[in-house]
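From a predicted model like this one, the values you see are computed outputs, not experimental measurements. Residue numbers run from 1 in the order of the sequence given.
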Amino acid sequence: MQKKINELSTDEVEGLWVDKDGLMRRFEGLNRNTLNKWLVEMRLTNEFSKYVINPTHKLVWINVDGFVAFLQWKAHERGY
């Protein structure tokens with residue numbers, strides 16, 4: 001039986017960390033393939049690597065605020 005991870009609102013905890021499914025629920029329209037590609041890019045970028053934690057080879061947690069900063073950086077990089 002798999003344990004369900006409950007999410008907390010950003011008002012309840014500072015520096016919210018979620019798994020991939022939690023992040024995809026927060027960002028409607030984000031699919032797993034795109035998320036995986038962006039997580040690789042985050043891990044390879046010194047500024048954003050601290051926002052992705054892999055305590056095991058199957059488990060990953062992403063900092064929501066760090067992910068938003070990454071999206072803003074990507075948008076700026078593309079000139080949006």
Set of side-chain hydrogen bond (donor to acceptor under 3.5 Å, both in side chains) partners for Lys20, sequence neighbours left out:
Asn36
Walk me through whether Asn63 and Phe70 qualify under side-chain contact (heavy atoms from CB on, under 4.5 Å).
CA-CA 10 Å; Asn63 180 278; Phe70 173 75; over 6 Å; no
Decide whether Val68 and Val60 are clustered together by the hydrophobic rule: side chain heavy atoms of Ile, Leu, Val, Met, Phe, Trp, Tyr closer than 4.5 Å, transitively.
yes
What are the two closest non-hydrogen atoms of Trp38 and Leu71, and how far apart are they?
CZ3-CD2, 3.4 Å
Test side chain to side chain contact (heavy atoms under 4.5 Å, CB included) applied to Asn31 - qualifying residues, sequence neighbours left out
Asn33, Thr34
Looking only at heavy atoms, the pair that brings Pro55 and Ile53 closest together is CD-O, 3.5 Å
Ignoring hydrogens, what is the shortest heavy-atom contact between Ile62 and Phe67? Give both atom names and the distance.
CG2-CB, 4.1 Å
Which side-chain N or O atoms in residues 42-51 pair as donor and acceptor under 3.5 Å with protein atoms at least two apart or in another chain?
unit_1, atom_1, unit_2, atom_2, d
Arg43, NE, Asn54, OD1, 3.2
Arg43, NH2, Asn54, OD1, 3.0
Thr45, OG1, Glu41, O, 2.8
Ser49, OG, Asn46, O, 3.4

